[in-house]
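So that we are looking at the same thing, I have put the structure below in structure tokens.
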Protein chains: 2
Amino acid sequence: MVRNFPEPDVFNANCPTQQVLETIADKWSVIVLYVLSQTETRRYSELQRVIGGISQKMLTQTLRKLERDGLVMRRVYPVVPSKVEYSLTPLGYTLTELLKAICTWAQTHWDEIEAARVRYEQGSDR
Amino acid sequence: MVRNFPEPDVFNANCPTQQVLETIADKWSVIVLYVLSQTETRRYSELQRVIGGISQKMLTQTLRKLERDGLVMRRVYPVVPSKVEYSLTPLGYTLTELLKAICTWAQTHWDEIEAARVRYEQGSDR
DNA sequence: CGGCATCCTAGAGGATACTG
DNA sequence: CAGTATCCTCTAGGATGCCG
């Protein structure tokens with residue numbers, strides 16, 4: 001039996017935690033979830049417009065993955081032209097605080113990281 | 001001046017937040033940081049052994065990136081055979097709570113995600 | 001021991017065109 | 001509008017071998 005781990009260790013390649021990270025620890029996933037966490041509901045085209053630099057392929061792919069994992073809900077309106085709305089599921093909502101924290105951290109500490117990079121470059125130059 | 005953003009928006013491709021996510025929102029980075037957050041100090045070979053399924057190339061690459069961004073500290077002991085120890089910097093430590101939360105979330109909700117996947121497969125089959 | 005350097009391949013991911 | 005399909009490129013990342 002491969003399942004059932006004595007203690008959850010992220011370090012084990014077989015551990016589900018690593019598989020979850022494959023979903024969560026992805027740039028586009030974080031951003032999409034973050035957008036949805038702020039706005040109740042978003043249409044496909046809104047997401048594409050609001051998120052800078054994402055291709056439509058990546059957007060669709062990310063949404064599918066999040067939907068498959070039960071984090072995002074997809075509602076199709078049978079109208080023409082078509083209308084599709086995306087929102088977080090209850091499970092997805094349990095992530096919002098975490099996502100907010102991550103984005104806040106990124107915003108707060110960006111200058112320190114940038115400074116570290118400069119220092120690193122200088123150190124490696126001579 | 002490209003820098004200096006009115007309000008930090010993750011959605012803007014130019015926003016530093018996205019750049020930080022490139023570092024943080026990476027599976028191996030999360031895991032390496034998590035290991036270091038638990039153990040003060042780790043040697044290279046310990047990290048490689050403890051983390052299942054990481055290649056040495058990826059490990060080195062991840063460590064360099066984290067070092068460059070000021071999250072991880074690398075200390076070399078001039079002995080032979082060589083000895084290198086990695087640990088978190090103060091900046092890196094500010095991430096530990098977040099990382100713990102992420103890993104905890106992954107552990108807690110894995111079964112729900114798995115259930116969602118099964119549901120998704122069934123739905124798409126017919 | 002703790003790495004680089006090199007080679008190689010699968011898959012990520014962009015651009016473009018077409019469709020219900 | 002909200003995608004799918006196709007093609008094509010480029011790079012992430014494994015395997016292997018060498019070095020201080």
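Everything numeric in this text was worked out from a predicted model, so none of it was measured. Order of the sequence lines fixes the chain letters, A, B, ..., with proteins taken first and strands second; residue numbering starts at 1 for each chain.
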Every protein N/O lying under 3.5 Å from an N/O of nucleotides 15-20 of chain C:
| unit_1 | atom_1 | unit_2 | atom_2 | d |
| --- | --- | --- | --- | --- |
| dG20(C) | N2 | Ser82(A) | OG | 3.3 |

Query raised in the report: How close or far is atom P of dG2(C) from atom CD of Glu85(B), stated in whole angstroms?
Result: 9 Å
Query - Side-chain touch Val30(B)/Leu99(B), heavy atoms, less than 4.5 angstrom - result: yes
Query - Distance below 4.0 Å between Arg74(B) side-chain N/O and dG3(C) OP1 or OP2 - result: yes
Query raised in the report: Between atom CZ in Arg64(A) and atom P in dG13(C), what is the gap in whole Å?
Result: 17 Å
Requested in this report: Identify the heavy atoms of Asp111(A) and Thr108(A) that sit nearest to each other, and give their distance.
Outcome: OD1-O, 3.3 Å
Query raised in the report: Val32(A): what forms a side chain to side chain contact (heavy atoms under 4.5 Å, CB included) with it, not counting sequence neighbours?
Result: Leu36(A), Ile51(A), Leu59(A), Thr62(A), Leu63(A), Leu66(A)
Query raised in the report: What is the distance from CG of Leu59(A) to P of dA12(C), rounded to the nearest Å?
Result: 17 Å
Requested in this report: Tell me, please, the opening and closing nucleotides of DNA chain D, 5' to 3', among those with an atom under 4.0 angstrom from a non-hydrogen atom of chain B.
Outcome: dG13(D) to dG20(D)
**Report entry** Test item: Tyr44(B) and Gln56(B) side chains (from C-beta on) under 4.5 Å apart, heavy atoms
**Finding:** yes
Report summary line: Separation of dG2(C) atom P from Ile54(B) atom CD1, nearest Å, is 15 Å
Report task. Determine the contact category for Tyr77(A): base if any of its heavy atoms lies under 4.0 Å from a base atom, sugar-phosphate if only primed atoms, P, OP1 or OP2 are that close, otherwise nothing. Result -> nothing
Query raised in the report: Do Glu97(A) and Lys100(A) sit within salt-bridge range, that is, some charged N less than 4.0 Å from a carboxylate O?
Result: yes
Query - Ionic contact status for Glu46(B) with Arg43(B), cut-off 4.0 Å - result: no
Query - Polar contact flag, side-chain donor to acceptor under 3.5 angstrom, Tyr34(A)-Thr96(A) - result: no
Query - Exercise: do Arg42(A) and Tyr86(A) side chains pair donor with acceptor under 3.5 Å - result: no
